[in-house]
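Read through the structure below, which is laid out as structure tokens, and then see the notes.
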Amino acid sequence: MFNLIETAHAASGAAPAAGGMGSTILMLVIMIAIFYFFLIRPENKRKKEAEQMRSTLKKGDWLTTIGGLYGRVVAITDRTVVLETSEDRVRVEFLKSAISSVGTLDEQAAAAQRTRKEKKAADAAKAAEASQAAEEEKKNSPEE
């Protein structure tokens with residue numbers, strides 16, 4: 001089959017493709033590796049962390065569901081969690097997969113604040129590094 005393609009290119013007078021089949025396969029392998037390391041692997045890691053968090057639940061924990069409901073755990077089964085949502089002792093049953101985060105609202109807010117501060121610090125470090133590189137380049141460039 002490849003001979004037919006090469007024969008057709010030769011008959012049309014077109015130049016043969018540079019690189020051939022080996023470079024095409026190499027590019028496909030590189031693309032698959034990129035997808036794995038940037039998309040698939042981090043998602044699997046997040047799923048594993050969420051499953052571990054859900055399996056370590058115990059009575060008395062405060063948690064937030066993916067729908068935004070906040071409450072205290074009063075009963076746990078292998079698939080479900082019963083939350084008490086208010087002082088009126090309203091109890092609602094959820095699947096464990098509906099749990100978003102565990103901890104009091106203050107703890108959750110503090111964790112979110114930490115991640116924002118870490119991101120700001122990383123951005124500031126990158127900006128400082130870029131400005132320092134620009135200054136070095138300015139010093140090293142010949143003046144007119």
Side-chain angles (χ1 to χ4, degrees), residues 1-6 8-9 12 14-144:
M1 181 171 163
F2 292 113
N3 287 337
L4 293 176
I5 295 172
E6 290 174 6
H9 278 289
S12 67
M21 193 67 149
S23 65
T24 305
I25 292 173
L26 180 64
M27 290 302 290
L28 285 173
V29 169
I30 291 172
M31 290 298 290
I32 290 170
I34 289 171
F35 275 110
Y36 175 76
F37 283 107
F38 287 112
L39 297 174
I40 298 169
R41 190 168 173 248
E43 183 63 27
N44 287 343
K45 188 176 179 182
R46 270 186 239 109
K47 284 181 183 178
K48 185 184 267 186
E49 288 172 355
E51 185 60 37
Q52 195 267 340
M53 180 252 322
R54 291 176 182 133
S55 67
T56 60
L57 286 175
K58 57 188 177 295
K59 286 184 180 180
D61 284 346
W62 289 88
L63 57 87
T64 304
T65 66
I66 57 175
L69 189 69
Y70 179 71
R72 186 174 51 88
V73 177
V74 292
I76 301 174
T77 65
D78 58 338
R79 293 188 62 229
T80 62
V81 174
V82 177
L83 297 180
E84 190 173 274
T85 60
S86 68
E87 292 178 10
D88 295 337
R89 302 182 62 84
V90 175
R91 293 184 177 199
V92 185
E93 186 172 12
F94 288 95
L95 289 175
K96 281 187 175 181
S97 60
I99 297 170
S100 171
S101 57
V102 177
T104 64
L105 289 176
D106 292 336
E107 291 171 349
Q108 293 173 14
Q113 188 69 19
R114 274 195 309 271
T115 58
R116 279 190 225 117
K117 284 182 181 177
E118 290 170 359
K119 185 176 181 182
K120 282 183 182 179
D123 290 344
K126 285 180 184 178
E129 186 176 300
S131 67
Q132 184 179 11
E135 288 177 16
E136 288 293 325
E137 185 177 320
K138 198 175 196 181
K139 287 180 184 177
N140 293 335
S141 67
E143 294 183 20
E144 294 180 32

(message) Can you list everything that forms a side chain to side chain donor-acceptor pair (under 3.5 Å) with Arg89? Sequence neighbours excluded, please.
(response) none
(message) Just to verify, what does Ile66 make a side-chain contact (heavy atoms from CB on, under 4.5 Å) with, not counting sequence neighbours?
(response) Ala98, Ser100
(message) Looking at every heavy atom in both Val74 and Lys59, which two are closest together, and how far apart are they?
(response) O-CE, 3.3 Å
(request) First locate atom CD1 of Ile34, then atom CD1 of Ile40, and finally report the distance between them rounded to the nearest 0.5 Å. (result) 12.0 Å
(request) Please identify each residue that fulfils side-chain contact (heavy atoms from CB on, under 4.5 Å) with Leu26, with sequence neighbours left out. (result) Ile30
(request) Show your reasoning for whether side chain to side chain contact (heavy atoms under 4.5 Å, CB included) applies to Met53 and Ile99. (result) CA-CA 9 Å; Met53 180 252 322; Ile99 297 170; 4.1 Å; yes
(request) Sequence neighbours left out, what pairs pass ring pair (Phe, Tyr, Trp, His ring centres under 6.0 Å) with at least one residue falling in residues 38-94? (result) Trp62-Tyr70
(message) With salt bridge (charged side-chain N to carboxylate O under 4.0 Å, His left out) as the rule and sequence neighbours excluded, what pairs involving residues 96-106 come up?
(response) none
(request) Rounded to the nearest 0.5 Å, what's the gap from OG1 on Thr85 to CG on Leu69? Could you check? (result) 5.5 Å
(request) List for me each residue that meets side-chain contact (heavy atoms from CB on, under 4.5 Å) alongside Ser55, sequence neighbours excluded, and say none if there are none. (result) none
(request) Would you give the length of the straight line joining atom CZ of Arg54 to atom CG of Leu95, rounded to the nearest 0.5 angstrom? (result) 10.0 Å
(message) Measuring only between side-chain heavy atoms, which start at C-beta, is Val82 closer than 4.5 Å to Val73?
(response) no
(message) I'd like to know whether Glu43 forms a salt bridge (Lys or Arg N to Asp or Glu O under 4.0 Å) with Arg46, so could you lay out the CA-CA distance, the side-chain angles of the two residues, the decisive distance to 0.1 Å, and finally the verdict.
(response) CA-CA 5 Å; Glu43 183 63 27; Arg46 270 186 239 109; 2.6 Å; yes
(message) Taking side-chain contact (heavy atoms from CB on, under 4.5 Å) as the definition, give me every residue that meets it alongside Glu87, ordered by chain and number, with sequence neighbours left out.
(response) none
(request) For Thr65, enumerate each residue passing the side chain to side chain donor-acceptor pair (under 3.5 Å) test, keeping only those at least two apart in sequence or located in another chain. (result) none
(message) Could you work out, with side chain to side chain donor-acceptor pair (under 3.5 Å) as the rule, every residue matching Glu84, not counting sequence neighbours?
(response) Arg72, Arg91
(request) Name all residues meeting the salt bridge (Lys or Arg N to Asp or Glu O under 4.0 Å) criterion together with Lys58; count only those two or more places apart in sequence or in a different chain, and write none if there are none. (result) Asp61
(message) Show every salt bridge (charged side-chain N to carboxylate O under 4.0 Å, His left out) that has at least one partner inside residues 23-33, sequence neighbours left out.
(response) none
(request) For Glu49, check side chain to side chain donor-acceptor pair (under 3.5 Å) against everything at least two apart and list the hits. (result) none
